Protein chains: 2
Amino acid sequence: MFSQAEENYLKTIYTLQNRRKTVINTNLIADKINTKASSVTDMIKKLSAKELLTYKKYKGVQLTEMGEKIALKVIRKHRLWEHFLVKKLNYSWDEVHDIAEQLEHIKSDTLIDNLESYLQFPKFDPHGDPIPDKDGKIILTKTVNLLNIKVGQKGTLDSLKDSSDVFLKYLNKKRLALRDQIKVIDIEPFDNSIHIETKTHQLVISKKVADNLNIKILR
Amino acid sequence: MFSQAEENYLKTIYTLQNRRKTVINTNLIADKINTKASSVTDMIKKLSAKELLTYKKYKGVQLTEMGEKIALKVIRKHRLWEHFLVKKLNYSWDEVHDIAEQLEHIKSDTLIDNLESYLQFPKFDPHGDPIPDKDGKIILTKTVNLLNIKVGQKGTLDSLKDSSDVFLKYLNKKRLALRDQIKVIDIEPFDNSIHIETKTHQLVISKKVADNLNIKILR
DNA sequence: AAATATATTTAGACTTATCTAAAAGTTAAT
DNA sequence: ATTAACTTTTAGATAAGTCTAAATATATTT
Ligand SMILES: [Mn+2]
Ligand SMILES: [Mn+2]
Ligand SMILES: [Mn+2]
Ligand SMILES: [Mn+2]
């Protein structure tokens, strides 16, 4: 069994590894996990001793197969609980993350599989992120950053790079939801803002917002 | 906010206070919580400083109103989660306690009330224990220990003194469930064993077993 | 190749919760 | 009133996880 702290480190490292393709170093982890570099050093040593990751200084960490397996288990739990909170307890997608951060650490050999079955094996969480199955297999959808879409192209909103509640609330306000169809109408060269159109309305989004929207291209 | 350890002490003290009417002293708590008397001393000091309980040595502890309120909140969470696990995830009553021990510490201002509403405001947990409402109010059912029931009297199995999985599995094996009708057929003077009859079968139970069954008398 | 900027580790401290072993206090028994 | 039994507290350690400040190592720039 692993402590909550250990699980959080593994999960964070996995996510960093898959989101950014850069080197995952001490400071980056410290930043994401909201702690200090010295604390990360300590934990890296511990996880390395347990062979959950390898570490070369200045070259960053790399999860071992075992480390990745554990990370995926925690992510699976997190996302299934988020799904539960939204679908069964009527939370909205911007309210569930902090509760799932706690629920993901509940220890039981059977709980999460029973929950999954109760939820009828959902494949994605409320933020469009894929839910790893029992064996850690994960569906990868081919998506493109909205920043890289040309004028006239169409797609559907598949998932988000940033799932912070601030961003989610922004999307609520702008009436943008997962699976909405989005068409790029115009790109403003001055500030890279993007004029888009959904099935119901049009709006202009900033470069920063566009960068956080992953689009599945329709052809 | 209170730590898991603090919550567990408060919950345990509350339960001891309501089950046994004796003095709740350091050793008794240590025993229940599976720790050492010296650790209990430390925690008692801490909880006393926070005015969650009062303590006079050799006279035991007493929860303050605030302490009792928190204890009831934890118990409410524990029992609602147990209900969820049995009713929604199809666990049996002997499997849920350890998971609920963890779930009862999840922090959220809304989670447990939403869960309660989703479960349609159950009044009792899978072991027959009453679920405190939002305000900490708790239904008290008048029950009698099966040991105190005379030959010929009838009642229904209302709740259990001991809800350990060993005892629950014993009840499964003997086909005794909550709300079953039970009639006392005979009491053996030699060892106080009791011959009982349900709607479906007859059996003999030991004094120890009878002592753990709370019966609601039928008249 | 130095100098400077970054990244990383160490040293030492702190907090929470635990433990063992010993000391001290209270109650009960003779 | 002593003694014995039990309860409680203290003292000192330990473990996990965190922190700050200082030291050290590596990378980048000049
Ligand atoms: Mn989340
Ligand atoms: Mn999510
Ligand atoms: Mn229980
Ligand atoms: Mn119960």
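Every value quoted in this text rests on a predicted model; they were computed, and no experiment measured them. So you know, we letter chains A, B, ... as the sequences are listed, proteins then strands, and number each from 1.
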Engineer: Would you tell me if any nitrogen or oxygen in the side chain of T26(A) comes within less than 4.0 Å of OP1 or OP2 on dA7(C)?
Structural biologist: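 No, no such contact exists.
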Engineer: Between S39(A) and dC19(D), is there a side-chain N or O to OP1/OP2 distance below 4.0 Å?
Structural biologist: yes
Engineer: Below 4.0 angstrom from OP1 or OP2 of dT10(C), is there any side-chain N or O of K45(A)?
Structural biologist: yes
Engineer: Taking all atoms of both residues into account, what is the closest heavy-atom pair of S164(A) and D162(A), and its distance?
Structural biologist: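 Shortest heavy-atom contact: N-OD1, 2.6 Å.
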Engineer: Tell me the interatomic distance from M43(A), atom CE, to dA15(D), atom C1', rounded to whole angstroms.
Structural biologist: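 So the two atoms are 13 Å apart, to the nearest Å.
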Engineer: Checking K88(A) against Y118(A): charged group under 6.0 Å from the ring centre and within 45 degrees of the axis?
Structural biologist: yes
Engineer: For dT20(D), does either OP1 or OP2 sit under 4.0 Å from a side-chain N or O belonging to K36(A)?
Structural biologist: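 Yes, K36(A) has a side-chain N/O under 4.0 Å of OP1/OP2 on dT20(D).
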Engineer: Please figure out whether T35(B) or V40(A) has its closest DNA chain C nucleotide nearer the 5' end.
Structural biologist: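 With V40(A) and T35(B) compared, the 5'-side residue is V40(A).
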Engineer: I need the CG-P distance between D42(A) and dT8(C), as an integer number of Å.
Structural biologist: 14 Å
Engineer: In whole angstrom, give the distance that lies between atom CD1 of I44(A) and atom C1' of dT18(D).
Structural biologist: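 These atoms are roughly 15 Å apart.
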Engineer: Nearest whole Å is fine: how far is dT27(C) P from K56(B) NZ?
Structural biologist: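 These atoms are roughly 13 Å apart.
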Engineer: Categorize S3(B) for me: base, sugar-phosphate, or nothing, with a 4.0 angstrom heavy-atom threshold over every strand shown.
Structural biologist: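 Sugar-phosphate, backbone atoms only, no base.
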Engineer: Starting from P on dT16(C), measure out to CD on E6(B) and report it in whole angstrom.
Structural biologist: 9 Å
Engineer: Taking CG from D31(A) and P from dT6(C), how many angstroms apart are they, rounded to a whole number?
Structural biologist: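 Distance, rounded to whole Å: 15 Å.
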Engineer: Just the rounded figure in Å: distance from C1' of dC19(C) to CG of N34(B).
Structural biologist: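 So the CG-C1' distance, N34(B) to dC19(C), works out to 14 Å.
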Engineer: Does the side chain of H195(A) come under 3.5 Å of the side chain of E188(A) through a donor N or O and an acceptor N or O?
Structural biologist: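 Judged by distance alone, the side chains do not pair up.
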Engineer: Closest to the A5(B) side chain: dT8(C), dT8(D), dT18(C)?
Structural biologist: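 Between dT8(C), dT8(D), dT18(C), the one nearest the side chain of A5(B) would be dT18(C).
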Engineer: Whole Å only: how far is the NZ atom of K59(B) from the C1' atom of dT8(D)?
Structural biologist: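 So the NZ-C1' distance, K59(B) to dT8(D), works out to 14 Å.
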Engineer: Using 30° and 60° as the class limits, which term best fits the ring planes of Y170(A) and F167(A): parallel, tilted or perpendicular?
Structural biologist: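 It falls in the parallel class, under 30°.
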Engineer: By nearest heavy atom, map S38(A) and K57(A) onto DNA chain D; which one lands nearer the 5' end?
Structural biologist: S38(A)
Engineer: Quick one: is Y58(A) getting a side-chain N or O under 4.0 Å of the dT28(D) phosphate, OP1 or OP2?
Structural biologist: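 Negative; the distance criterion is not met.
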Engineer: What does N25(B) touch in the nucleic acid at a heavy-atom separation under 4.0 angstrom: a base, only the sugar-phosphate, or nothing?
Structural biologist: sugar-phosphate
Engineer: Can a donor-acceptor pair be found between the side chains of N172(B) and W93(B) at a distance below 3.5 Å?
Structural biologist: yes
